[in-house]
Every structure is written in structure tokens, then in C-alpha cells.
Trainee: 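Here it is, the structure, as C-alpha cells.
Letters go in sequence order (proteins before strands), and every chain restarts at 1.
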There are 2 protein chains.
Amino acid sequence: MPGENATTTLSESVAADLRRRIAQGEWANGDRLPSEHALSEHYGVSRATIRTALQDLESRGMTVTRRGVGTFVTGQAEGVRADLRQLESLSATIGAHGRRAGVEYRSIAVRVPDERERRALQLEDGEEVLATERALTADGETVAFSNDTIPRRLLGADFSPTEVSGSLFELLEKNGVRAVSAVTEVHAVHDPVIGWGDRPKDPTYLLLSQLHFDRGGTPVALADTYFIEGRFQWGLVRHR
Amino acid sequence: MPGENATTTLSESVAADLRRRIAQGEWANGDRLPSEHALSEHYGVSRATIRTALQDLESRGMTVTRRGVGTFVTGQAEGVRADLRQLESLSATIGAHGRRAGVEYRSIAVRVPDERERRALQLEDGEEVLATERALTADGETVAFSNDTIPRRLLGADFSPTEVSGSLFELLEKNGVRAVSAVTEVHAVHDPVIGWGDRPKDPTYLLLSQLHFDRGGTPVALADTYFIEGRFQWGLVRHR
DNA sequence: GAGTGGTCTAGACCACCCT
DNA sequence: GGGTGGTCTAGACCACTCA
């Protein structure tokens, strides 16, 4: 298969190839894709694998499938769209869209939490937090600013702020903590005070305010991420 | 299986039973469910069917699955306000939060579609659309402005714009059309031109730009809804 | 090494849509 | 009737986790 990537699963490779073919206009808006049976033969994989790949396309809103009829292109393939339902590091999300992810730290500090942080993270009296301010970039362009807070106790006793780099999820996992879900509020914000450096003159932000939990339901991080409107697209497929 | 419902699929029945058993406390927070193999034997279905059922639980945030370890029950009592994943009429969403929903129409017109509408709704040449501008209220307070477009063909031949009232979904269902999914983009917008009447002096909006589909995958409505920031809260639980 | 979930196969039967 | 997607089976091998 063209563009196959051996590090991914078969169904992901098939999905990526189908996304590429749709993006390149091989099928127009409203066109029917080949049947699952035909795709199965074309890619030399089982129909179950094709169906997994097609579910990827549908979850991205690129296709809709009609029972007894076929799978059709919706024409919603334009632009970068990251799936709001899917929790992953922003670096991974940016990478999945073929862009090079970067992080620039503006500040890193261990400090006393404010009241909101104390309550959200269920901190005991006297507990401290690691607080960071970061700019997230895609191909060198700043797409978001993020203010993140992690309970100090989750990081090793020998932890030093100077060793912080990369994504929030990476930092947590280096310390044996895995964030598996996040309760998220979605807001629109217009405030010139937010952010620094490379940003529009009068920026509007899509704010994802997220409280992350580990598998046991323990809150492990509070993250406010401000996405610069126009530079990063979030979306999802909603169902009744 | 207890509580089995013959009108649903096997995997749905299994999922419903597992949800019931979790809700009844058969497994506590953090407990591991039986392995997929064991569940397969217990319910007398294949492992693939069990996996489909477990994916339902995970998508609801009731469980998290750890490769090589097992599937664990989460807390799941988290309070998301209006769930972005769940598609329903805004009136219903407002009502579900104990507020009285209202609609005020500003304009109703049958007109020629613009290019974006033509492409999204897959309109033939010459097809017209019903276009409405509405303000949506909760307990009398305006919470959102919505610009909606429906293909004229979906409405009866004897349809008259003067009979439009209530929600978009109601209008569609009166004409035998049921929107079951929506491809949604989420944006932040700061533009004083949007909206009318009761709104803040310098409003910021959370824009949900949605293309609705019926069960057959036919696009049935294009809706741009601008939620006044601070007056309506959207959220969701994201999963890895 | 034993047990777990992740992926995949090669079938099968069904419900649905269209002509 | 013929083609389509929806569901399901009974295996298989792999990657991962943990004792």
C-alpha cells in the first residue's frame, strides 16, 4: 500500500491511505467508496480490518455509511480536525495530522496551589504543585498556550523543575502516572492578556479546561489550554 | 442473560447487562472485570462480541481498559453539564438542566443556497433552502443565536414558512426526517456583528458548526449555533 | 511464563436498499 | 434477486503486564 507505515496497525494504515485518497479528490463529495468487500480485496486484508479503517473515517466525519447502500464521502475533510472525544497529548494530535509538534516553556515552578487547584486536584493542606506555562507549536507556528498544574507528590522526591520538557503526559508517565480520562469544559475566550510571543493581534481562543484522572479515578493534572482560533481545529461527530 | 432485549444486538444486550451489574455494585470502583475470555464464556458469545460491549462501557466513561492487565471500573459520577458528544435539540438540553427553553425567530425565508450550503447539503442545481435565524433562550435569557439551513425538498409541498416554530429537530420530524448524527466543528468567535437583542456588550461566542445527517446518511440540515460565553456550558468526558 | 487485552483472518448469516 | 453494510463466530498470533 502506498505510504504504508510499519509502526502502525494494518487498519490504521488502510485508514490513512483512504484519508489520503479522499483528500486528493479520488472521490468527490457524496461519492460512494468501493464496497467493503472490494476494499478488502484491493488492500489484501480481511473485511473486519476494512471496517475498522472505515470507522476511523466516519469518526472523523469524513464519511457516512448507509446500510445496504454504501459508504459516502461527506466533504468535511477540509482542514485539520482533531477529535475532541479522543484524549491524547497535543503533541501526538499534532503529529497525527502530519505536522511537527514543539513545546516552548515560559515558566516552570513549584508553588502553593490556589483554591481552584486545591479543590480540583483534591490536595491536602500544605501540598504543593508543579505549575507550568507552555506554548505549543505545529511546524514552528504557535497553536496554543497551556497552563498546567500537577500535584508535587506525584513526581519523585528527587524531582527537579529543571528536568521538565516535552508533553504533560510524558512527564506524568515518567513518574508512573497515566492519565486516562479528562473531564473537559469548553469555552470561548477573548482576552489580549493571554499568551505571549507569536500570536494574532487580537486573538480569540478556544479554551479546553481539563481535569485529568488516572485509571483509579484520582485527579492527576489540571490543564487550561488556549487554542488560537484559526490555527487549530477541533471537531467531533455527535450522535443521538 | 438477565434483562435481555430481543430488539437489540447481542453486544448491546451484553453491554446493558454489564452496565446494570456495575450500577448495582457487583464491582466497586477500581475493581477489575472478569477477563474478556471469561466474559465470553459466561455470556456464551464470542470474544469479539464481548469487546464490542466493553467498548460501549468505555465510551461512557464507566470503565478503562489496560492492555495486558484488564478492564477496570472507574468513578464515572463526574458532572459534565451539556454533553458535547450527545446530539439532541438544544431545547431538550436546556430542559434537561431544569431551565425553561424558548425560541424567538428573527427571520424565516426560502431562498437560494450559497456555495457552502450547496456543497454541504449536496443540493442539486436550482434547489432552494429554508433558512432561519433564531435566538434560543433559557428561563427568558438568550443563550445562543442559531443560523439554520434545511433543503426545501425535505419539507412538504404544501409547506409555508409561516408555520415554522419550535426547534429545528421538531420541524424536521414533523416532515418525517430524523437527524441522528452531526459532524461538528468547534470554534471561538469574537464578533459584535453576530446576534441581536439581549446580549453582552462585547460578546464572545462558542460556535458549533454542525452538518446533520439522517439515519440514511443524507445531509438534512446545516446549523451554525453561537453560544454566548458564560451563559451556557458545554463539556464532555474525553478518553484515551 | 501465564494471563491479559490488541489485532487480524476467513468465513457465515442477516437486514436493508434498489431495481 | 443481487449487492450492500451489520453482526457474529472460532479460531490465531502478537504485545504487554506482572509475579
Side-chain angles (χ1 to χ4, degrees), chain A residues 1 4-18 27 30-59 63-74 86 88 173 176-178 180 214-216 239, chain B residues 1 4-18 27 30-59 63-74 178 180-181 213-218 239-240:
Chain A
M1 170 188 342
E4 182 160 9
N5 179 347
T7 68
T8 61
T9 64
L10 247 186
S11 61
E12 281 173 356
S13 301
V14 171
D17 193 60
L18 287 171
W27 300 284
D31 277 5
R32 211 200 74 194
L33 297 187
S35 74
E36 296 179 351
H37 180 77
L39 288 172
S40 166
E41 287 211 335
H42 177 266
Y43 284 104
V45 300
S46 75
R47 198 179 140 220
T49 302
I50 291 294
R51 283 179 63 77
T52 301
L54 289 179
Q55 276 157 25
D56 173 280
L57 301 201
E58 178 148 36
S59 80
T63 60
V64 286
T65 294
R66 307 168 62 180
R67 184 195 188 109
V69 185
T71 297
F72 297 80
V73 175
T74 61
Q86 188 65 33
E88 56 182 2
E173 292 191 359
V177 176
R178 180 174 165 81
V180 296
D214 72 7
R215 64 178 180 275
H239 291 279
Chain B
M1 166 192 340
E4 182 160 5
N5 179 344
T7 68
T8 61
T9 65
L10 245 186
S11 61
E12 281 173 357
S13 300
V14 171
D17 193 60
L18 287 170
W27 301 285
D31 278 3
R32 210 200 75 194
L33 296 188
S35 74
E36 295 179 352
H37 180 77
L39 288 173
S40 166
E41 287 210 337
H42 176 268
Y43 284 105
V45 301
S46 75
R47 201 180 136 219
T49 301
I50 291 294
R51 283 180 63 75
T52 301
L54 289 177
Q55 277 158 26
D56 171 279
L57 300 201
E58 180 148 35
S59 79
T63 60
V64 287
T65 294
R66 303 168 59 192
R67 182 194 189 113
V69 185
T71 297
F72 296 80
V73 176
T74 65
R178 182 175 163 83
V180 296
S181 69
F213 293 88
D214 71 8
R215 188 184 296 278
T218 304
H239 292 279
R240 225 164 161 181

Trainee: Please report the distance, rounded to the nearest Å, between NE2 in B:His37 and P in C:dG6.
Mentor: 16 Å
Trainee: Check every strand shown and say whether B:Thr52 touches a base, only sugar-phosphate, or nothing at a heavy-atom separation below 4.0 Å.
Mentor: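 Since no nucleic acid heavy atom lies under 4.0 Å of B:Thr52, the category is nothing.
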Trainee: Under the side chain to side chain donor-acceptor pair (under 3.5 Å) test, which residues partner B:Ser46, sequence neighbours left out?
Mentor: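 For B:Ser46 the side chain to side chain donor-acceptor pair (under 3.5 Å) partners, ignoring immediate neighbours, are B:Thr49.
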Trainee: What residues, two or more places apart in sequence or in another chain, satisfy side chain to side chain donor-acceptor pair (under 3.5 Å) together with A:Ser11?
Mentor: A:Thr9
Trainee: Strictly under 3.5 Å: I want the nitrogen or oxygen pairs between protein and nucleotides 9-12 of chain C, one per line.
Mentor:
| unit_1 | atom_1 | unit_2 | atom_2 | d |
| --- | --- | --- | --- | --- |
| C:dT9 | OP2 | A:Ser46 | N | 2.7 |
| C:dT9 | OP2 | A:Ser46 | OG | 2.6 |
| C:dT9 | OP2 | A:Thr49 | OG1 | 2.4 |
| C:dA12 | N6 | A:Arg47 | NH1 | 3.3 |

Trainee: Between A:Asp56 and A:Thr52, is any pair of side-chain heavy atoms under 4.5 Å apart?
Mentor: no
Trainee: With respect to the phosphate group of D:dG5, does any side-chain polar atom (N or O) of A:Arg51 fall under 4.0 Å of OP1 or OP2?
Mentor: no
Trainee: In whole angstrom, give the distance that lies between atom CZ of A:Arg32 and atom P of C:dC17.
Mentor: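 Computing the A:Arg32:CZ to C:dC17:P distance gives 15 Å.
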Trainee: Going by the rule salt bridge (charged side-chain N to carboxylate O under 4.0 Å, His left out), which residues pair with A:Glu173 if we only count those two or more places apart in sequence or in a different chain?
Mentor: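 For A:Glu173 the salt bridge (charged side-chain N to carboxylate O under 4.0 Å, His left out) partners, ignoring immediate neighbours, are A:Arg178, B:Arg240.
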Trainee: Just verifying a value: how many Å separate A:Leu39 CG and A:Thr71 OG1, rounded to the nearest 0.5 Å?
Mentor: 8.0 Å
Trainee: Atom CG of A:Leu39 to atom P of D:dG5: distance rounded to whole Å?
Mentor: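 For the pair A:Leu39 CG and D:dG5 P, the rounded distance is 8 Å.
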Trainee: Enumerate the protein-to-nucleotides 14-17 of chain D contacts in which both atoms are nitrogen or oxygen and the separation is below 3.5 Å.
Mentor:
| unit_1 | atom_1 | unit_2 | atom_2 | d |
| --- | --- | --- | --- | --- |
| D:dA15 | O4' | B:Arg67 | NH2 | 2.9 |
| D:dC16 | O4' | B:Arg67 | NE | 3.4 |

Trainee: Rounded to the Å, how far apart are B:Phe72 CZ and D:dC18 C1'?
Mentor: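 Taking CZ of B:Phe72 and C1' of D:dC18, I get 11 Å after rounding.
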Trainee: Say you draw a straight line from OG1 of A:Thr65 to CG of A:Leu57; how long is it, rounded to the nearest 0.5 Å?
Mentor: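 The distance works out to 8.5 Å.
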Trainee: For B:Glu36, which residues count as a salt bridge (charged side-chain N to carboxylate O under 4.0 Å, His left out) partner, sequence neighbours excluded?
Mentor: B:Arg47, B:Arg51
Trainee: Under a 3.5 Å distance rule, please check whether B:Thr63 uses its side chain to pair with a backbone N or O of B:Phe72 as donor and acceptor.
Mentor: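 No; zero donor-acceptor contacts below 3.5 Å.
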